[in-house]
Protein chains: 2
Amino acid sequence: MWFSIDFSSHTPVYVQIKDNIKASILSGKLKTGDYIPSIRNLAKDIGVNINTVARAYRELEIDGVIRPQRGEGYVVVGVQSEQIREELKDELLKLLRKCKASGIKQNELIEVVKKVYSGNGGEEFDTES
Amino acid sequence: MWFSIDFSSHTPVYVQIKDNIKASILSGKLKTGDYIPSIRNLAKDIGVNINTVARAYRELEIDGVIRPQRGEGYVVVGVQSEQIREELKDELLKLLRKCKASGIKQNELIEVVKKVYSGNGGEEFDTES
DNA sequence: ATCACTGTACTATTATACTATTACAGTAGA
DNA sequence: TCTACTGTAATAGTATAATAGTACAGTGAT
């Protein structure tokens, strides 16, 4: 499957699932009309309980990102791209402040940014859905 | 007091307390030999329970960052500065990958970095302990 | 109709984060 | 000594994340 879950993170698994699916849509890996994995399949792949995935999907539905089709699965509706990017940048802002307060130099951080964008250091995704 | 807690975050409060104190030491706001706030005082200031602060302090003691002095309080011992900075940069790396995967451009991120380091957007700390 | 898949719903249980409360022990100062 | 502060410890209760299991209902293909 296309993403991995960090079980040692304090971020709940269902939130990580939501984030991953939103990111996949934003990056174009998932398009409007695509089917995402069934609750049972994804739960099996990730190695978590059905209910955990169900919660993630339920909340994504509330957010208007996906739509359930009983008997068939969940279909991608779309995302508020700009809004999600702003959320990500907000999160980044907080972390950067911590970095600054810890004495990390601006140059070091810009280097990290460049490292991520210079080919490697990026995603380890598959191309199929 | 010198830091604020994000109660809406999924990061546990006791972890946020640990991070904040480590960061304060790294940035020089707290020096070796300084006393940090008493468990009861900090708990009252933040608005959390004594046990929550006690847990943070206990773990900081295990990490060798502070040392308890019964009847007096906790004293700063020191931190493995470089190690903590590397941990922060690792965290940053993960977040940057998410940003990249979501289609945020490199320039935007560098702008955010510069914004943080250009005076405002930084800390809202007091200088006293 | 049957089968195999979908989503949906519910209950019970465990682990963790946090709160609330009480108590005890060490230290410093009036 | 008394008082007021420190850390330490233990118990009980609540909320949430996640697990486990079961059951029901809709859809599509054979």
Side-chain angles (χ1 to χ4, degrees), chain A residues 1-22 30 33-77 128-129, chain B residues 1-22 30 33-77 128-129:
Chain A
M1 217 7 91
W2 6 299
F3 54 81
S4 55
I5 298 296
D6 180 5
F7 290 100
S8 68
S9 165
H10 288 112
T11 305
V13 172
Y14 79 91
V15 174
Q16 293 186 51
I17 294 173
K18 287 175 64 181
D19 289 346
N20 268 291
I21 289 184
K22 282 185 186 174
L30 284 176
D34 282 356
Y35 279 89
I36 60 176
S38 77
I39 291 179
R40 285 179 180 81
N41 271 346
L42 186 55
K44 198 178 166 191
D45 277 15
I46 296 179
V48 298
N49 193 268
I50 295 177
N51 300 323
T52 306
V53 179
R55 174 165 184 186
Y57 281 16
R58 199 187 316 132
E59 295 195 4
L60 282 172
E61 182 198 352
I62 292 172
D63 291 349
V65 176
I66 57 179
R67 189 207 319 266
Q69 297 210 309
R70 216 183 176 101
E72 295 181 57
Y74 276 93
V75 186
V76 172
V77 174
E128 34 84 34
S129 64
Chain B
M1 217 7 90
W2 7 298
F3 55 81
S4 55
I5 298 295
D6 180 4
F7 291 99
S8 68
S9 164
H10 288 113
T11 305
V13 173
Y14 78 92
V15 174
Q16 292 185 51
I17 294 173
K18 287 175 64 179
D19 288 347
N20 269 292
I21 290 184
K22 282 185 187 175
L30 285 176
D34 282 357
Y35 279 88
I36 59 177
S38 76
I39 292 180
R40 285 178 180 80
N41 271 346
L42 186 54
K44 197 177 168 191
D45 277 16
I46 297 178
V48 299
N49 191 267
I50 296 177
N51 303 322
T52 306
V53 180
R55 174 167 185 183
Y57 282 16
R58 200 187 317 134
E59 295 195 3
L60 283 172
E61 183 198 351
I62 292 173
D63 292 349
V65 176
I66 58 180
R67 190 205 318 267
Q69 297 210 308
R70 214 182 179 104
E72 297 182 54
Y74 276 93
V75 186
V76 172
V77 174
E128 36 84 33
S129 64

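In what follows, chains carry the letters A, B, and so on, assigned in the order in which the sequence lines appear, proteins first and then strands, with residues in each chain numbered from 1.
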Touch class at under 4.0 angstrom, heavy-atom based, for B:Arg55 against every strand present: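 Sugar-phosphate: the residue B:Arg55, judged by heavy atoms under 4.0 Å, touches backbone atoms but no base.
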
Between [N] atom [atom2] and [X] atom [atom1], what is the distance in whole Å?
{"X": "A:Ile39", "N": "D:dG26", "atom1": "CD1", "atom2": "C1'", "answer": "14 Å"}
{"X": "A:Tyr35", "N": "D:dT27", "atom1": "OH", "atom2": "P", "answer": "12 Å"}
{"X": "B:Ile5", "N": "C:dA17", "atom1": "CD1", "atom2": "C1'", "answer": "14 Å"}
{"X": "B:Ile66", "N": "D:dT6", "atom1": "CD1", "atom2": "P", "answer": "14 Å"}
{"X": "A:Asn49", "N": "C:dT14", "atom1": "CG", "atom2": "P", "answer": "15 Å"}
{"X": "B:Glu72", "N": "D:dT6", "atom1": "CD", "atom2": "P", "answer": "11 Å"}

Just N and O in the side chain of [X]: are any of them under 4.0 Å from OP1 or OP2 of [N]?
{"X": "A:Thr52", "N": "D:dT19", "answer": "yes"}
{"X": "B:Tyr57", "N": "D:dG7", "answer": "no"}
{"X": "B:Tyr74", "N": "D:dT6", "answer": "no"}

With nearest nucleotides of DNA chain D determined for B:Glu61 and A:Val15 from heavy-atom distances, which residue corresponds to the more 5′ nucleotide?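 Upstream on the strand: B:Glu61.
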
Using the closest heavy atom to pick a nucleotide of DNA chain D for each, name whichever of A:Arg40 or A:Val48 lands nearer the 5' end.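 Checking each residue's closest nucleotide, the 5'-ward one belongs to A:Val48.
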
Taking side chain as C-beta onward, heavy atoms only, is A:Thr52 less than 4.5 Å from A:Ile46?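 Side chain of A:Thr52 against side chain of A:Ile46, heavy atoms only: no contact under 4.5 Å found.
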
Do B:Tyr14 and B:Val48 come close enough that some side-chain heavy atom pair is under 4.5 Å?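 Result no, sub-4.5 Å side-chain heavy-atom pair not found.
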
In terms of side-chain heavy atoms of A:Tyr14, which of D:dA17, C:dA17, D:dG7 is nearest?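 Of all the options, the side chain of A:Tyr14 is nearest to D:dA17.
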
Looking only at side-chain atoms of B:Pro68, point me to the closest of C:dA17, D:dA17, D:dG7.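 Among the listed nucleotides, the one closest to the side chain of B:Pro68 is D:dG7.
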
Counting only distance, no hydrogens or angles, is the base of C:dA17 paired donor-acceptor with the side chain of B:Asn51 under 3.5 Å?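 In this structure, the two groups form no donor-acceptor pair.
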
Can you name the nearest heavy-atom pair linking B:Val65 to B:Lys22, along with the distance?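 Looking at all heavy atoms of both residues, the closest pair is CG2-CE, 4.4 Å.
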
Quick check: on DNA chain C, is the nucleotide nearest A:Ile50 upstream (toward 5') of the one nearest B:Val13, or the reverse? Name the residue that is more 5'.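 By nearest-heavy-atom nucleotide position, the 5'-most residue is A:Ile50.
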
For the backbone of B:Asp6 and the side chain of B:Gln16, can you confirm whether one donor and one acceptor N or O come within less than 3.5 Å of each other?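 Between the backbone of B:Asp6 and the side chain of B:Gln16 there is a qualifying donor-acceptor contact (under 3.5 Å).
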
